[in-house]
Amino acid sequence: MDNREMAQVFEKIADLLAIKGESVYRINAYRRAAGALNELGQDVEDLWREGKLRQIPGVGEAIAGKIDELLRTGKLEFYEKLTRQVPETLLEVLRVEDVGPKRAAHFWKELGITTVDELEAAARAGKLRELPGMGERSEARILESIAALRRRQTERVPIGRAWPVAESFLERLRAVPGVTAAEAAGSLRRWRETVGDLDLIAGSNDPPPAIEAFLATPGIRRVRSRGETKVSVEMEDGLRVQLWIHPPERFGSALQYATGSKAHNVRLRELALDRGLSLSEHGFRREDGSEILCKEEEAVYAELGLPWIPPELREDQGEIRTALAGRLPRLVRMGDLKGEFHAHSDWTDGACSLREMAEGACRAGLQYLAITDHSRSLGVANGLTIERLQEQRRAVEALQEELGTRLRLLHGAEVEILADGSLDYPDEILAELDLVIAALHSSLRQTQARVTERLLAAIHNPHVDMIAHPTGRMISSREGANLDMEVVLKAAAEAGVVLEINAHPERLDLSDVHARRAIALGCLLAINSDAHRPEHLAYRRYGVGVARRAWAPAERVINTWDFDRVMDWLQSRG
DNA sequence: GCCGTTTTCGGCCCGACTGTTTTCAGTCG
């Protein structure tokens, strides 16, 4: 049982306890433990073997005991007992918007409803409106929510789709007279790999025109709620977008609050309470009731004796302690990236010529670009035979002649790690390349032992400089290989092989959690677009988001290095 | 159920919006 599966068990326990009407604090304890497991960065089973479960924040005696039982037996008697008391299918009912634990319990106990289908039938039959606290409108609202739930393909949307939608709203809002600022908040601003919905904050003393502009944005299916200062809509594809409008003098407090994460904000509130202040989206309130307004987010942190903390770190993963100690890293920024190490051309499955890719890199302000087309075994991508690879090298050299010093080209390849762990080109061919990226594209479903062994073999090949998208996952569609990541990261650190953060928004592989662990273990990282056309170079911003969430200092990301330093490094590898 | 430079018990964030209510409960973030 991996961390994610175990976290899901604890999330379910929390929901079932909520339906039972248990103490919210007990419920939250399970949610916190689930969150901690998701953010752990290493296999919980390793900590378990070392007897270190209690070191996980939010895991005490009781939950440690449950983790132990789950790992020993694969089952949990406590969970099974709960599901005998509360039907497990009610968890599905909770996913309906506007139905929380209280209503779910109510519907179940009064009407025997245990599934979404039964809830829908009851609503259509006009039975919900008869319950106390319910009425016709609540019933209609629940029917709408059920329809919206069925339209939504997935609960969370990849960040690569979310940002462009957010930007279309923000652009309109910023053009409204009286709007002093408009920013994305929530998990989008923290650059999580997927977001549940979009949270936007605007500063204005005159909300109505801002709300009008917001509602005039194309693609809205329906308005979910609309108040004086807050409005919420659902897009055609089910994505939810909400806007809060605050007076400009409170914009910083509002943005800080809405950016979260919840756990981060709870910690900040504790710090505020220590200072006799209470903190909310409206700002600080002193004990005498007077207010401290924060126009800028920096002021919120300054009031608590903290430097501004980058949103990507706000996950309650030690950022506040580190900030108090003045030890926050100088995180890598988009503007730090000087080169791209992973790009394709029409020699394989790219859409554009070498020259078009090079021009794109120049427009993106890059100093250097590595052409790394696919190797011969990747037939679907028209992988390069040795002859074509060598022909391509001459073409790259010719293009370099033309480009002069505008852009430095590297000739490399994205070389298949074959099912037996060997590489797709012989060593003497690899030795001719400026840069060798090894990658898994096939046989991802092998056992953990086998697929890990393949990757280790690649890492130990002296010609391999970098590993592309280590797990091969696709966020919306495919689980990655079941790697023993701890072993892989340690081997990469030891061999000096760079691990890619593939910036394609469907990959983001390494993930934030694994990248952070990689940094802790001493690995070097690269942020690569894996561009198949020049516009894909813009994906790098998503990779930067992942790297920042991993606490990556610029120094550890080799794209921040000058071309000369990159060449020195490659030569030192032989 | 967890946690501790306010330690082993007593805290654990808080406001907007909606709908059903004449003052509040539920949900959400």
Side-chain angles (χ1 to χ4, degrees), chain A residues 10 13-15 17-19 21-36 53-67 78 93-107 128-142 144-145 185-190 195-201 207 211 223-232 240-246 250 253-285 316 321 324:
Chain A
F10 289 130
I13 289 174
D15 285 337
L17 290 174
I19 294 171
E22 283 278 348
S23 145
V24 289
Y25 301 115
R26 192 177 176 209
I27 294 162
N28 284 339
Y30 283 100
R31 294 205 202 285
R32 264 207 316 279
L53 287 179
R54 296 288 295 273
Q55 289 180 7
I56 303 170
V59 173
E61 193 183 344
I63 293 182
K66 292 183 172 72
I67 294 175
F78 175 72
V93 174
L94 283 184
R95 293 174 62 225
V96 177
E97 199 90 15
D98 306 314
V99 178
K102 297 272 170 47
R103 282 177 173 171
H106 207 191
F107 297 156
L128 298 187
R129 69 181 72 174
E130 292 163 9
L131 296 174
M134 294 289 297
E136 267 182 65
R137 304 188 66 159
S138 296
E139 190 175 69
R141 210 175 153 84
I142 284 173
E144 271 197 355
S145 297
S187 47
L188 187 64
R189 183 161 179 250
R190 303 200 312 279
V195 301
D197 48 25
L198 305 187
D199 300 321
L200 311 179
I201 305 292
I211 288 179
V223 178
R224 296 169 64 232
S225 70
R226 177 182 183 171
E228 306 265 316
T229 60
K230 185 184 164 184
V231 55
S232 172
R240 290 160 301 189
V241 187
Q242 42 206 336
L243 169 69
W244 285 265
I245 300 170
H246 287 266
R250 288 180 169 156
S253 303
L255 181 62
Q256 193 290 316
Y257 175 84
T259 297
S261 66
K262 193 180 268 191
H264 175 86
N265 284 354
V266 167
R267 294 268 176 247
L268 285 194
R269 284 222 172 71
E270 288 167 5
L271 278 185
L273 287 173
D274 289 346
R275 297 174 173 237
L277 301 170
S278 78
L279 174 60
S280 78
E281 62 195 299
H282 303 296
F284 293 100
R285 193 179 288 274
D316 188 25
R321 186 169 16 93
L324 279 170

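Letters go in sequence order (proteins before strands), and every chain restarts at 1.
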Practice item. With heavy atoms under 4.0 Å as the rule, sort A:Ser232 into base, sugar-phosphate or nothing. Key: nothing
Exercise for review: Give the intermediate values and the outcome of side-chain contact (heavy atoms from CB on, under 4.5 Å) for residues A:Glu144 and A:Val96.
Suggested key: CA-CA 9 Å; A:Glu144 271 197 355; A:Val96 177; over 6 Å; no
Practice item. Return the nucleotide paired to B:dT8: Watson-Crick means purine N1 to pyrimidine N3 with N6-O4 or O6-N4, wobble means G-U with N1-O2 and O6-N3, both under 3.5 Å. Key: none
Check your understanding: On DNA chain B, nearest-nucleotide positions of A:Gly60 versus A:Ser225: which is more 5'?
Key -> A:Gly60
Practice item. Could you measure between the two C1' atoms, the one in B:dT8 and the one in B:dC3, and give it in whole Å? Key: 10 Å
Review point. How is A:Val59 classified with respect to the nucleic acid when contacts are heavy atoms under 4.0 Å: base, sugar-phosphate, or nothing?
Key: sugar-phosphate
Study note, to complete from the structure: The ring pair (Phe, Tyr, Trp, His ring centres under 6.0 Å) partners of A:His282 (sequence neighbours excluded) come to A:His246
Revision key, fill the gap. Considering only heavy side-chain atoms of A:Arg26, the closest of B:dC17, B:dG1, B:dG19 is B:dG1
Practice item. Identify whether any heavy atom of A:Asp199 sits under 4.0 Å from a base atom; if not, whether one sits that close to sugar-phosphate; answer base, sugar-phosphate or nothing. Key: sugar-phosphate
Review point. Are A:Ser138 and B:dA25 close enough that a side-chain N or O sits under 4.0 Å from OP1 or OP2?
Key: no
**Study point:** Under-4.0 Å side-chain N/O to phosphate OP1/OP2 contact, A:Arg137 with B:dG19
**Key:** yes
Heteroatom pairs (N/O) under 3.5 angstrom, protein to nucleotides 9-15 of chain B:
residue	atom	partner	partner atom	Å
B:dC13	O2	A:Arg269	NH1	2.7
B:dC13	O2	A:Arg269	NH2	3.2
B:dG15	O3'	A:His282	NE2	3.4

Check your understanding: When the P atoms of B:dT21 and B:dA16 are considered, how many whole Å apart are they?
Key -> 24 Å
Review point. Starting at the 5' end of DNA chain B and moving along, which residue's nearest nucleotide shows up first, A:Ile56 or A:Arg240?
Key: A:Ile56
Practice item. Tell me, please, which residues at least two apart from A:Arg137 pass side-chain contact (heavy atoms from CB on, under 4.5 Å). Key: none
Check your understanding: Going by an N to O cut-off under 4.0 Å, is there a salt bridge joining A:Asp316 and A:Arg321?
Key -> no
Point to revise | Between B:dT23 and B:dG29 - P atom distance, rounded Å | key: 29 Å
Study note, to complete from the structure: Between A:Val241 and the options A:Asp197, A:Val231, A:Leu200, the side chain to side chain contact (heavy atoms under 4.5 Å, CB included) test singles out A:Leu200
